[in-house]
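What follows is one structure encoded as structure tokens, with my remarks underneath.
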Amino acid sequence: MRLQKVLSRAGIASRRAAEELIAEGRVSIDGKVVTEMGRRVDPATVTIHVDGTRVVVRDDLEYLALNKPVGMHSTMSDDMGRPCIGDLITSRSERLFHVGRLDAETEGLLLLTNDGDLAHRLMHPSYEVSKTYLAEVPAPIAKDVSKTLKAGVELEDGPASVDSFRVLESYGSKAMVEVVLHEGRKHIVRRLLDHIGHPVERLVRTSIGEVKLGDQRPGSMRRLNHPEIGSLYRAVGL
């Protein structure tokens, strides 16, 4: 298939605009810039970047954002009949899997895909993909909490720290805080905040890298757009 057609089918640009991208040297195939028109490629075997961002050109790959509601388990099936992610995708033909987990009482952004390479890297701690959470905790919150969490605290399974911490709002005996970290250990946000005396009463994951939950309804799914998918590839060096 001609390169400009591949880019057009991927939703990057019209064929005419894709030709302009190629002529301007903004498209690369397997790491090499391509400027000639009419170049034929196999979307199933090549890696294409536009302006340094990887383009998904395979029709069989899916990238979804789920707003996981409270009470839903991060599994594809549940022997006890409890609500789980698998309940939402029974009608889909692709074999999707979730990227990481959220415990049943945590809500918010969870990614689903059949792109195994990307999913593996997103879950691997060495790539340090940041995740943002909003947590409702007891107030008041001491001014040195941010410094303490960024410096790191000692948990039962080793030291842990956050990338950033800030108080967004205080209302009576409650406060809403934002926690950004790249840790992936089980219940890490809850354990960190409990360790400093602010047990979590509600927890929502609002972003993974540059992909944001936004105003998605609980239990709803949406396809990631091309910039979002590209940002995930960049985050893990693909």
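- With a 4.5 Å cut-off on side-chain heavy atoms, V204 and Y133 do not count as touching.
- With H226 contributing its side chain and A10 its backbone, the two residues share a donor-acceptor pair below 3.5 Å.
- Under the 4.0 Å criterion applied to side-chain N and carboxylate O atoms, K174 and E169 are not assigned as salt-bridge partners.
- Remark: the backbone N or O of K186 is paired with a side-chain donor or acceptor of R191 at under 3.5 angstrom.
- Here the CD-NE2 distance, from E128 to H182, works out to 4.0 Å after rounding to the nearest 0.5 Å.
- If you check the side chains of H73 and T75, you find no donor sitting under 3.5 Å from an acceptor.
- In the model, D115 has a side-chain atom that pairs as donor or acceptor with a side-chain atom of Y233 under 3.5 Å.
- A donor-acceptor pair is defined here as one N or O able to donate and one able to accept, closer than 3.5 Å; no such pair exists between the side chain of H49 and the backbone of S28.
- Under a 4.0 Å N-O distance rule, the pair D194/R190 does not qualify as a salt bridge.
- In this structure, the side chain of K68 engages the main chain of T106 through a donor-acceptor pair within 3.5 Å.
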Between R202 and E107, is a salt bridge (Lys or Arg N to Asp or Glu O under 4.0 Å) present by the stated rule, with each step listed?
CA-CA 8 Å; R202 183 187 178 197; E107 56 194 294; 2.9 Å; yes
Evaluation steps, side chain to side chain contact (heavy atoms under 4.5 Å, CB included), between I12 and L21
CA-CA 10 Å; I12 300 303; L21 292 174; 4.2 Å; yes
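- Side chain to side chain, T132 and R205 fail the donor-acceptor criterion of an N or O pair below 3.5 Å.
- Atom CZ of R58 and atom CG of D42 lie 10.0 Å apart (nearest 0.5 Å).
- Atom-to-atom distance recorded for R26:CZ and L7:CG is 11.0 Å, nearest 0.5 angstrom.
- In this structure, OG in S161 is found 6.5 Å from CD in E183, a value given to the nearest 0.5 Å.
- Closest heavy-atom contact between V236 and R121: O-NH1, 2.9 Å.
- With N114 contributing its side chain and E62 its backbone, the two residues share a donor-acceptor pair below 3.5 Å.
- S220 places no side-chain N or O within 3.5 Å of a backbone atom of Q216 that could act as its donor or acceptor partner.
- Using a 4.0 Å cut-off between charged side-chain N and carboxylate O, R2 and E19 make no salt bridge.
- Rounded to the nearest 0.5 angstrom, H195 NE2 and I188 CD1 are separated by 11.0 Å.
- Electrostatic pairing of R39 and E36 counts as a salt bridge here, judged by a charged N lying under 4.0 Å from a carboxylate O.
- A distance-only check finds a donor-acceptor pair linking the side chain of R101 to the backbone of S74 [under 3.5 Å].
- The CG atom of L111 sits 10.5 Å away from atom CE of M123, with the distance rounded to the nearest 0.5 Å.
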